[in-house]
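Report on the following structure.
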Number of protein chains: 2
Amino acid sequence: MTDGANTWQAVQAEVLRRIRSGQWAPGGAIPHEADLAQELGCARTTVNRALREVAEMGLIERRRRAGSRVAMRPVRRATLDIPVLRDEIEARGAAYAFTLQKREMALPPVSVQARLALGADRALLHVVGLHLADGHPYALEDRWIDPEAVPQVQDADFTTLSPNEWLVLTIPFEGGDIAFSAHAATQGEAAALRCPEGAALFVVERVTWRGEARLTCVRLTFAPGHRLVTVI
Amino acid sequence: MTDGANTWQAVQAEVLRRIRSGQWAPGGAIPHEADLAQELGCARTTVNRALREVAEMGLIERRRRAGSRVAMRPVRRATLDIPVLRDEIEARGAAYAFTLQKREMALPPVSVQARLALGADRALLHVVGLHLADGHPYALEDRWIDPEAVPQVQDADFTTLSPNEWLVLTIPFEGGDIAFSAHAATQGEAAALRCPEGAALFVVERVTWRGEARLTCVRLTFAPGHRLVTVI
DNA sequence: AAGTGGTCTAGACCACTCC
DNA sequence: GAGTGGTCTAGACCACTTA
């Protein structure tokens with residue numbers, strides 16, 4: 001039994017079935033790759049391919065010499081797609097626009113200094129602008145860019161191309177971290193997003209770095225009602 | 001040149017370097033696997049392994065017969081770990097506790113009916129409880145469970161083990177979707193979380209299904225200041 | 001119809017860990 | 001030191017898609 005087609009998907013499905021059914025209990029060891037390969041009638045490479053993804057899902061833990069075990073505390077792992085705001089808005093069938101509100105060199109506040117790990121005396125480029133969907137405020141972008149780390153930014157004109165979009169095109173695919181939170185609208189945010197002061201707003205904060213260098217940090221404050229959705 | 005060690009990581013690093021440097025421009029085609037393998041001095045399998053992950057990152061698009069191209073609009077893809085609340089709280093070094101506030105069969109509101117795709121006349125199990133960290137309110141859990149889809153729930157006693165935790169142990173690793181948003185505290189939420197009415201709260205809503213059957217939906221409302229963080 | 005990526009195999013060696 | 005997962009190889013066939 002159990003020898004479904006010898007594809008790695010079939011092996012993976014069988015592995016998931018055994019975990020779900022409790023046949024392989026949380027915290028328990030599972031057979032070695034070689035044994036599984038023989039049992040399921042496929043090459044060890046195929047078993048390896050199947051188990052690798054299960055491990056990436058967080059369902060099993062693998063260690064050399066020690067073998068693989070079902071995770072004691074399985075973690076749900078969701079993948080979030082974070083598109084450029086223009087794409088996100090146009091995907092909803094709305095017309096996109098961006099209005100620049102500020103573009104100046106300035107000393108960042110302490111919170112930004114900390115997030116970028118910079119000294120207190122470094123002036124950064126501060127850009128603030130509003131993303132609009134069909135003319136309605138969609139998100140407020142408040143960004144700090146280190147011109148030493150991103151020298152091209154001196155020539156960037158953000159009046160039509162938002163920094164959000166410009167950066168994706170200019171410095172693609174660097175590392176970073178993201179934080180999601182809720183935040184009561186300040187007076188300025190309320191004015192920009194045309195919502196009551198104190199309204200509950202969804203906030204995305206991101207720091208982008210290349211190697212050790214922090215390039216930019218941004219705070220996106222979305223208009224009320226925004227939802228970030230994904231499928232597990 | 002370029003022939004770093006013939007590991008898939010080296011191949012992938014080289015591929016990423018070429019994308020970043022613009023040598024392979026967005027929207028442009030990249031060499032075929034076989035050509036790359038020859039150029040970099042490794043087996044095609046190794047190139048395939050490297051490119052597969054780059055495709056999963058969303059940086060390139062691969063199609064049979066058509067070859068691979070650098071994505072025109074690279075999407076940032078973040079993976080979020082969504083632990084059980086007990087683990088999340090204990091990982092912060094705080095003492096975890098759960099208090100059950102409600103457990104009753106009831107007709108769900110329209111919004112829940114819609115999310116679970118159920119008729120208006122189906123009574124569901126409604127469970128409300130508070131997760132505490134060192135005695136302070138951490139998150140309010142408001143959950144609806146379909147007893148027909150999860151019959152074991154009839155025997156579950158949620159006074160000490162939260163439904164959050166019970167469900168992970170009982171029906172592990174099913175599919176679902178998640179939504180994140182911000183929400184102004186209602187009177188009841190404010191009382192439970194000990195915050196001002198109208199405070200900006202971070203909300204996670206989740207629907208869990210198995211195959212076609214919707215099992216449960218939950219709304220987790222976090223105390224003010226909560227942040228969900230991840231690394232890209 | 002043909003070319004590309006997707007996958008499987010059998011064998012091999014290596015890196016890491018635990019005993 | 002020995003056993004496990006991690007990876008590479010060379011070759012092969014298949015599935016899909018586009019020309």
Side-chain angles (χ1 to χ4, degrees), chain A residues 2-16 18-19 24-72 74-75 77 79, chain B residues 1-16 18-19 24-72 74-75 77:
Chain A
T2 69
D3 69 351
N6 49 359
T7 71
W8 69 265
Q9 288 97 334
V11 173
Q12 188 179 77
E14 173 63 16
V15 167
L16 292 175
R18 293 189 184 184
I19 295 175
W24 291 349
I30 73 176
H32 307 147
E33 291 187 349
D35 293 347
L36 263 181
Q38 186 174 9
E39 179 194 350
L40 299 177
C42 64
R44 184 170 78 90
T45 315
T46 307
V47 174
N48 182 280
R49 171 85 157 92
L51 291 184
R52 187 203 317 147
E53 294 211 350
V54 178
E56 278 170 10
M57 291 183 226
L59 301 193
I60 65 174
E61 296 165 355
R62 324 192 69 196
R63 264 182 305 176
R64 286 167 151 132
R65 167 80 193 188
S68 303
R69 326 190 131 265
V70 178
M72 196 67 98
V75 175
R77 206 157 281 168
T79 64
Chain B
M1 66 179 75
T2 69
D3 68 353
N6 48 0
T7 71
W8 69 264
Q9 288 98 333
V11 173
Q12 188 179 77
E14 173 64 15
V15 167
L16 291 176
R18 293 187 185 185
I19 295 176
W24 291 349
I30 73 177
H32 306 149
E33 290 188 349
D35 293 347
L36 262 181
Q38 186 174 10
E39 181 196 347
L40 299 177
C42 64
R44 184 170 78 91
T45 315
T46 306
V47 173
N48 183 279
R49 171 85 157 92
L51 291 184
R52 186 203 317 148
E53 296 212 349
V54 178
E56 279 171 10
M57 291 183 226
L59 300 193
I60 64 175
E61 296 165 354
R62 324 193 70 197
R63 264 182 303 176
R64 287 169 152 132
R65 168 81 191 186
S68 302
R69 330 190 127 265
V70 179
M72 194 68 96
V75 173
R77 206 156 281 166

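Note: hydrogens, waters and symmetry copies are ignored here, and every other heavy atom, side chains too, is used. This structure is a prediction, so every number in the text was calculated from the model and none was measured. Every chain is numbered from 1, with letters handed out A, B, ... down the list of sequences.
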Could you pull out every donor-acceptor pair under 3.5 Å between side chains of residues 63-72 of chain B and any protein atom, sequence neighbours left out?
unit_1  : atom_1 : unit_2  : atom_2 : d
B:Ser68 : OG     : B:Arg62 : NE     : 3.3
B:Arg69 : NH1    : B:Gly27 : O      : 2.6

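- DNA chain D is contacted by both A:Gly67 and A:Thr45; A:Gly67 maps to the nucleotide lying nearer its 5′ end (nearest heavy atom per residue).
- For D:dG5, one of the phosphate oxygens OP1 or OP2 lies less than 4.0 angstrom from a side-chain nitrogen or oxygen of A:Ser68.
- We find that CZ of B:Arg69 is positioned 14 Å from C1' of C:dG5, with the value rounded to whole Å.
- Using a 4.5 Å heavy-atom cutoff, the side chains of A:Trp24 and A:Pro31 are in contact.
- The side-chain contact (heavy atoms from CB on, under 4.5 Å) test applied to A:Gln38 returns no partner, not counting sequence neighbours.
- Across D:dT9, C:dT9, C:dG5, the shortest atom-to-atom separation from the side chain of B:Cys42 is found for D:dT9.
- Side-chain atoms of A:Val15 and A:Gln12, non-hydrogen and from C-beta on, never get closer than 4.5 Å to each other.
- Between the CD atom of A:Glu61 and the P atom of D:dT4 there is a distance of 18 Å, given to the nearest Å.
- Rounded to whole angstrom, the span from the CG atom of B:Leu40 across to the C1' atom of D:dT9 amounts to 15 Å.
- The CD1 atom of B:Ile60 sits 4.5 Å away from the CD1 atom of B:Ile30 when rounded to the nearest 0.5 Å.
- Note: CH2 (A:Trp8) to P (C:dT9) measures 14 Å, nearest angstrom.
- Listed pair B:Arg49 / D:dT7 meets the phosphate criterion, a side-chain N or O lying under 4.0 Å from OP1 or OP2.
- For D:dG5, neither phosphate oxygen OP1 nor OP2 lies less than 4.0 angstrom from any side-chain nitrogen or oxygen of A:Asn48.
- For B:Thr46, a side-chain nitrogen or oxygen approaches OP1 or OP2 of D:dT9 to under 4.0 Å.
- The NE2 atom of A:His32 sits 12.0 Å away from the CG atom of A:Leu51 when rounded to the nearest 0.5 Å.
- The salt bridge (Lys or Arg N to Asp or Glu O under 4.0 Å) check on B:Arg52 picks up nothing, with sequence neighbours excluded.
- Heavy-atom distances under 4.0 Å link DNA chain C to B:His32, B:Glu33 of residues 24-35 of chain B, given in residue order.
- Using modelled atom types, no side-chain atom of B:Arg77 and backbone atom of A:Thr79 make a donor-acceptor pair closer than 3.5 Å.
- One interatomic measurement links the two molecules: CD of A:Glu53 to C1' of D:dG5, which rounds to 16 Å at whole-angstrom precision.
- Residues satisfying the salt bridge (Lys or Arg N to Asp or Glu O under 4.0 Å) criterion with A:Glu53, sequence neighbours excluded, are A:Arg49.
- Of all nucleotides listed (C:dG5, D:dC8, C:dA10), C:dA10 comes nearest to the side chain of A:Ala43.
- Rounding to whole angstrom units, CZ of residue A:Arg52 and C1' of D:dC8 are separated by 13 Å.
- Nucleotide C:dG3 holds its P atom 19 Å from the CZ atom of B:Arg62, rounded to whole Å.
- Between D:dT7 and B:Gln9, a contact under 4.0 Å exists linking OP1 or OP2 to a side-chain N or O.
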Margin query: Can you build the contact string for nucleotides 12-19 of chain D? Use B for base contact, S for sugar-phosphate-only contact, and - for no protein heavy atom under 4.0 Å.
Written below: B--BBBBS
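- The separation between B:Leu36 atom CG and C:dG6 atom P is 13 Å, rounded to whole Å.
- For A:Thr46 against A:Asn6, the heavy-atom pair with the smallest separation is CG2-O, 4.0 Å.
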